Undergrad: 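I'd like to ask you about the structure that follows.
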Amino acid sequence: MIEIKIKKDADKIYALTSKGHANYADKGKDIVCSAVSAILIGGLNAIKNIDDFKIIKDDGYLEILANKNISKDDQIVFYTIYIQLKTIEESYPKNLKIIIE
């Protein structure tokens, strides 16, 4: 299962951690893993001020942490990532879990 932890302060998301594997299908054929990866990488590519973030990535692990108050545009990117992942979680609850802290 992929576990996504999202840290919020009021309505602002300031950190996101993804770890694990979906285990929906064999490696290379796992649509849940592919979807989550595409959303996360697409989100990273959409961030305007990448220097405002600390990013750690490894196989099956990604951490995105805001170093300071982020721009409104980048907050929208974070929120969009969350909405997209929530949609996948609703369809594949055995393979993706989102935790809000």
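No experiment lies behind these values; they were computed from the predicted model shown.
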Undergrad: Please list, one pair per line, the donor and acceptor atoms closer than 3.5 Å that link side chains of residues 4-14 to other protein atoms, with sequence neighbours excluded.
TA:
none

Undergrad: State, to 0.1 Å, how close D74 and F53 come at their nearest heavy-atom pair, and which atoms those are.
TA: OD2-CE1, 3.8 Å

Undergrad: Would a hydrophobic clustering, with Ile, Leu, Val, Met, Phe, Trp and Tyr connected at side-chain separations under 4.5 Å, put I83 with I100?
TA: yes

Undergrad: Determine the minimum heavy-atom distance between N95 and A22, stating which atoms define it.
TA: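 What the structure gives for the nearest pair is ND2-O, 2.9 Å.
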
Undergrad: What's the spacing between K94 NZ and Y24 OH if we round to 0.5 Å?
TA: 11.0 Å

Undergrad: Would you please test S91 and I88 for side chain to side chain contact (heavy atoms under 4.5 Å, CB included) and show each step?
TA: CA-CA 5 Å; S91 296; I88 294 171; 5.9 Å; no

Undergrad: Determine, using the 4.5 Å side-chain heavy-atom cutoff (strictly less than), whether L16 and I76 are members of one ILVMFWY cluster.
TA: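 Different clusters: L16 never reaches I76 through Ile, Leu, Val, Met, Phe, Trp or Tyr contacts under 4.5 Å.
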
Undergrad: How many angstroms lie between CD1 in I64 and CD1 in I47, if you round to the nearest 0.5 Å?
TA: 5.5 Å

Undergrad: Keeping the roles fixed (side chain from D73, backbone from K48), state whether a donor-acceptor pair exists under 3.5 Å.
TA: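 The answer is no, because no donor-acceptor pair under 3.5 Å joins these two groups.
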
Undergrad: Using distance only, find each side-chain donor-acceptor pair of residues 35-46 under 3.5 Å and give its atom names and separation, not counting sequence neighbours.
TA:
unit_1: S37; atom_1: OG; unit_2: C33; atom_2: O; d: 3.0
unit_1: N45; atom_1: ND2; unit_2: I41; atom_2: O; d: 3.4

Undergrad: Of all residues at least two apart in sequence or in a different chain, which pass the salt bridge (charged side-chain N to carboxylate O under 4.0 Å, His left out) check with K68?
TA: D52

Undergrad: At what distance, to the nearest 0.5 angstrom, does CG of D58 lie from NZ of K19?
TA: 13.0 Å

Undergrad: Measuring only between side-chain heavy atoms, which start at C-beta, is I55 closer than 4.5 Å to E63?
TA: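 No, side chains not in contact.
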
Undergrad: State, to 0.1 Å, how close M1 and L96 come at their nearest heavy-atom pair, and which atoms those are.
TA: CG-N, 4.0 Å

Undergrad: Sequence neighbours excluded, which residues qualify as salt bridge (charged side-chain N to carboxylate O under 4.0 Å, His left out) partners of K86?
TA: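 Testing K86 for salt bridge (charged side-chain N to carboxylate O under 4.0 Å, His left out), a comparison that skips the adjacent residues, returns E89.
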
Undergrad: If a pair satisfies salt bridge (Lys or Arg N to Asp or Glu O under 4.0 Å) and one of its residues is in residues 30-45, list it, with sequence neighbours excluded.
TA: none

Undergrad: Could you measure the distance from the CG atom of L62 to the CD1 atom of I2? Nearest 0.5 Å is fine.
TA: 11.0 Å

Undergrad: Among all residues two or more places apart in sequence or in another chain, which pass the ring-ring contact (aromatic ring centres under 6.0 Å, His included) test with Y82?
TA: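 Partners of Y82 by the ring-ring contact (aromatic ring centres under 6.0 Å, His included) criterion come out as none, since no residue qualifies.
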
Undergrad: Consider only side-chain heavy atoms of I, L, V, M, F, W and Y, link residues closer than 4.5 Å, and tell whether Y79 and V77 are in one cluster.
TA: yes

